[in-house]
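Take a look at the structure below.
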Amino acid sequence: MLEIRNLCKHFGGIKAVDQCSFSVEQGSITALIGPNGAGKTTAFNCISRTMTPTTGEVWLDGERIDGLRPHKITGLGLSRTFQISRNLADMTVLENIICQSKISGWRDMFKPAMSADEIEKAMGILEFLGITRLAHEDGGNLSYGQKKLMDLAALLMSDPKIILLDEPAGGVNPTLLEEIIGHIRKLNEQGLTVLIVEHNMDLIMRLSHRVVVMAQGQVIADGTPDEVREDPAVLEAYLGGTMEAA
Amino acid sequence: MSDTETFDILEQRKAYNATLTQAADKTRATWFPVVVLLLLLAMPALQFVGNYNYLLHLLLFTLSYVVIASGWNILGGFAGYISLGHNVFFAVGGYFAGMMFARLGISTLILAPLAGLVAGLLGYLIGLITLRVRGPSFIISSLALVMIFRIFFENWEFVGGAAGVSLKANDLTVQWAKLPYYYGFLVMAAFTVWVSYRIKHSKFGLGLRAISKDEIKAESAGIDTRFYKVLAFAISAFFVGMAGAVWGEYLTYIRPNIFLTVLISVNMVLICILGGKGTIAGPVIGAILIVAFNEFFVATLGASEINILATGLIMMICLMFFPLGIVGTLAKHRKLPRFLDWD
């Protein structure tokens with residue numbers, strides 16, 4: 001469904017992402033892991049076009065998307081969250097979410113900001129995530145974990161085919177983590193393809209169908225969680241020799 | 001287990017419905033702007049009982065500020081791009097309509113929408129270039145724009161260079177001479193405020209608000225940020241240009257130094273900041289206050305520089321207590337009187 005071919009991103013002489021290639025199967029949960037500075041987030045940014053890749057191709061459903069602007073990519077069904085939750089302060093959670101609903105062309109731009117249908121849909125999503133009570137709260141007043149949930153809610157508003165989650169468990173307490181894992185699993189069961197960047201090995205090993213391991217900008221391993229766990233190159237990259245918490 | 005889940009959801013629904021009824025209770029005081037508009041429409045009748053020319057001039061002056069400040073607010077308030085060069089569009093509108101009036105004799109009141117379109121088109125083209133940067137870089141680029149246009153107009157012989165062009169005054173008696181312009185600005189002010197309201201409540205407005213908070217997030221949310229902000233720039237230039245068109249004929253001359261001074265561009269920003277950037281009523285309240293302060297200090301301190309100093313001082317004090325502008329701060333603390341809640 002999503003295919004990354006020979007993606008490179010150079011910052012001056014530093015090759016943050018170097019000839020990175022992998023693909024994400026339709027309906028799977030694929031994880032992108034690696035030690036700090038491996039280039040995971042940079043690769044992510046290049047896929048969603050928040051950054052411009054130096055060279056390489058990104059294909060979504062047989063369509064090349066690496067030359068498109070980010071809002072076009074979102075329109076094609078690829079939505080992402082950010083590692084440090086970016087949300088819009090001074091706007092309610094509901095507005096934050098409805099911001100993400102699809103707009104096409106002139107006519108839509110001058111429609112009322114929030115139609116009854118959209119509010120209904122947004123409330124449905126909030127209900128699914130169990131944060132309905134936050135709907136009229138200012139987006140800037142939420143706790144860190146609540147922001148992560150709001151990000152997820154906003155993501156769903158755009159009816160994506162594939163979602164890219166950048167560290168959905170970062171800085172989230174264990175109870176909420178369980179909740180987030182449950183939500184991701186449920187969404188995946190409903191047919192949504194997921195690509196996750198994550199440090200939390202527990203989450204990765206439990207959730208993902210496939211794991212892509214990056215180190216120093218390159219893909220060093222690609223397989224099921226069990227395969228990756230035994231891969232010597234991966235153990236080498238993580239230095240410890242064994243993967244903790246796995 | 002699923003029972004408790006449904007129960008949770010029902011609880012949340014209940015809580016949500018409670019907030020909904022709260023929101024629905026906030027009925028809009030539409031009567032207030034309507035009454036103000038009617039009063040302003042009837043105001044020139046005072047001329048039957050005496051000479052209120054100066055009062056009408058002040059009202060007209062305020063209304064023109066409402067138009068340009070509300071126009072500026074669409075870019076500066078909604079999209080968060082502070083432009084200190086919007087008087088360029090004031091000048092372009094003024095010169096376009098003024099020259100047409102001087103050459104062809106068509107009243108600028110009729111030409112105003114066309115002048116607005118010219119300014120809007122120019123705004124669109126300039127926006128394509130300058131809106132690529134944001135923050136301080138954008139502000140500086142807008143200042144540079146003023147300098148470029150000032151040099152351009154001062155050296156363009158066809159429009160009279162630095163001396164400008166004088167325009168024919170209308171044939172009405174002194175008592176009624178201001179009337180056409182007064183009504184012109186009144187219609188424009190009402191139209192601008194109405195359009196701001198419509199924009200703020202549209203998807204376009206929501207997108208602009210998202211852009212002002214976090215442009216990268218807005219873009220990845222699927223908003224065509226470049227088009228949105230360039231369009232906002234064009235619309236705001238349209239209103240400022242429209243005001244400029246009539247302003248020239250009202251003063252009976254067009255000259256670079258009546259349009260392209262720092263005072264005008266700074267005033268639109270100050271009005272919005274004082275009244276409340278990004279609100280609908282803000283630019284209106286700000287315009288009234290600025291004109292009122294100015295008049296008060298001119299009357300008490302004389303027409304020296306001291307009155308400008310005093311106005312500045314008052315503004316500083318206002319902003320210490322109302323950091324988000326008067327309307328913005330009151331709304332944030334939920335103390336905004338209902339008749340001023342135009343958002």
Side-chain angles (χ1 to χ4, degrees), chain A residues 45 48-50 69-76 78-82 85-91 94-115 118-119 123 126-128 130-140 151 154-155 157-158 160 164, chain B residues 1 4-23 26 77-78 80 195 197-228 231-232 235 277-279 324 328 331-332 334 343:
Chain A
N45 285 342
S48 66
R49 206 48 170 63
T50 314
R69 289 183 40 221
H71 72 270
K72 283 266 168 65
I73 294 176
T74 308
L76 287 173
L78 185 147
S79 289
R80 68 165 298 180
T81 62
F82 290 89
S85 169
R86 301 184 92 116
N87 54 76
L88 310 161
D90 291 333
M91 286 168 71
L94 202 58
E95 285 171 329
N96 260 284
I97 294 171
I98 289 180
C99 243
Q100 198 120 332
S101 74
K102 269 189 184 164
I103 298 180
S104 51
W106 279 90
R107 284 169 167 274
D108 278 11
M109 273 173 73
F110 293 97
K111 276 186 189 157
M114 301 198 283
S115 71
E118 282 171 330
I119 293 177
M123 291 312 289
L126 286 175
E127 236 166 60
F128 168 72
I131 48 170
T132 320
R133 72 208 129 81
L134 297 177
H136 295 281
E137 198 66 47
D138 183 330
D151 280 356
L155 215 61
M157 194 68 196
S158 62
L164 275 61
Chain B
M1 187 208 145
T4 54
E5 249 175 42
T6 4
F7 182 70
D8 276 356
I9 288 173
L10 283 178
E11 276 296 296
Q12 287 181 0
R13 257 271 150 93
K14 235 184 239 167
Y16 172 64
N17 285 340
T19 56
L20 261 194
T21 43
Q22 245 174 19
K26 230 178 74 182
F78 295 171
V195 170
Y197 173 83
R198 291 307 300 262
I199 287 179
K200 182 147 190 193
H201 287 257
S202 68
K203 288 240 168 274
F204 178 48
L206 191 65
L208 290 180
R209 279 171 69 199
I211 289 171
S212 80
K213 299 299 172 208
D214 186 337
E215 207 163 323
I216 293 174
K217 165 83 185 189
E219 177 75 33
S220 88
I223 293 164
D224 188 347
T225 51
R226 194 188 298 162
F227 180 63
Y228 271 47
L231 187 63
I235 293 175
K277 215 155 62 79
T279 62
L324 295 173
K332 184 157 191 186
R334 301 189 187 286
D343 284 300

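In what follows, every chain begins at residue 1, and chains take the letters A, B, ... in the order their sequences are listed.
Under the side chain to side chain contact (heavy atoms under 4.5 Å, CB included) criterion, B:L324 pairs with B:T329, B:K332, not counting sequence neighbours. Shown here are the side chain to side chain contact (heavy atoms under 4.5 Å, CB included) partners of B:K200, two or more places apart in sequence or in another chain: B:F78, B:R209, B:I280, B:D343.
Contact annotation for A:D138: neither backbone nor side-chain heavy atoms come within less than 4.5 Å of a heavy atom of chain B. For A:T50, the part lying under 4.5 angstrom from a heavy atom of chain B is the side chain only. When heavy atoms are compared at a cutoff of 4.5 Å, A:F110 approaches chain B by way of both its backbone and its side chain. Residue A:T81 does not touch chain B at all, counting heavy-atom pairs closer than 4.5 Å.
In terms of modelled atom types and a separation under 3.5 Å, the side chain of A:D90 and the main chain of A:G140 share no donor-acceptor contact.
No other option in A:R80, A:Q100, A:K72 has as many heavy-atom pairs under 4.5 Å with chain B as A:Q100.
Within the model, atoms NE2 of B:H201 and CG of B:L206 stand 11.0 Å from one another, a figure rounded to the nearest 0.5 Å.
Look at A:K111 and A:E118 and you find no salt bridge, because none of the NZ, NE, NH1 or NH2 atoms lies under 4.0 Å from a carboxylate O.
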